[in-house]
Amino acid sequence: MIDFIHAHSTRLYAIAAAALSLIAYYIHDLPTGLILALVAAVLGTGEAVQRVENRKTAKALHQDPPLPTQL
């Protein structure tokens with residue numbers, strides 16, 4: 001499960017952000033403080049996702065490129 005989250009962290013973050021937006025739009029009785037706290041949590045999660053993606057990019061930069069397949 002952790003490997004799945006690590007591999008697809010950006011997609012999961014996008015789903016969570018979209019779901020939060022839809023919930024805030026369609027449920028009118030939510031308190032503003034709750035919405036702002038959730039927005040802050042999503043922004044913090046976005047920072048974590050960015051760091052995971054940066055580590056994956058740095059790791060890929062230090063690897064040799066794959067050889068082209070010969071037909």
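The hydrophobic clustering, which links ILVMFWY residues whose side-chain heavy atoms are closer than 4.5 Å, places V42 and V49 together. Residue L22 is not grouped with residue I27 when hydrophobic side chains (ILVMFWY) are merged at heavy-atom distances under 4.5 angstrom, including chains of intermediate members. By the rule that hydrophobic residues join a cluster once side-chain heavy atoms approach within less than 4.5 Å of another member, I23 and L36 end up as members of separate clusters. Hydrophobic clustering (side-chain heavy atoms under 4.5 Å, transitive across Ile, Leu, Val, Met, Phe, Trp, Tyr) keeps L12 apart from L38. In the hydrophobic clustering of ILVMFWY residues, with side-chain heavy atoms under 4.5 Å counting as a link, L43 and I35 come out together.
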With a cut-off of 3.5 Å and sequence neighbours excluded, list every side-chain donor-acceptor pair involving residues 14-21.
residue : atom : partner : partner atom : Å
S21     : OG   : A17     : O            : 3.0

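Note: K59 NZ to N54 CG = 14.5 Å, rounded to the nearest 0.5 Å.
Clustering of Ile, Leu, Val, Met, Phe, Trp and Tyr side chains at separations under 4.5 Å leaves L67 isolated, with no partner residue. I2 belongs to no multi-residue hydrophobic cluster, having no ILVMFWY side-chain contact under 4.5 Å with any other such residue.
By the side-chain hydrogen bond (donor to acceptor under 3.5 Å, both in side chains) test, T10 is found to be paired with E53, residues two or more places apart in sequence or in another chain being considered. Listed by chain and residue number, E47 satisfy the salt bridge (charged side-chain N to carboxylate O under 4.0 Å, His left out) test with R51 (two or more places apart in sequence, or in another chain).
Counting only residues at least two apart or on different chains, no ring pair (Phe, Tyr, Trp, His ring centres under 6.0 Å) pair has a member in residues 19-41.
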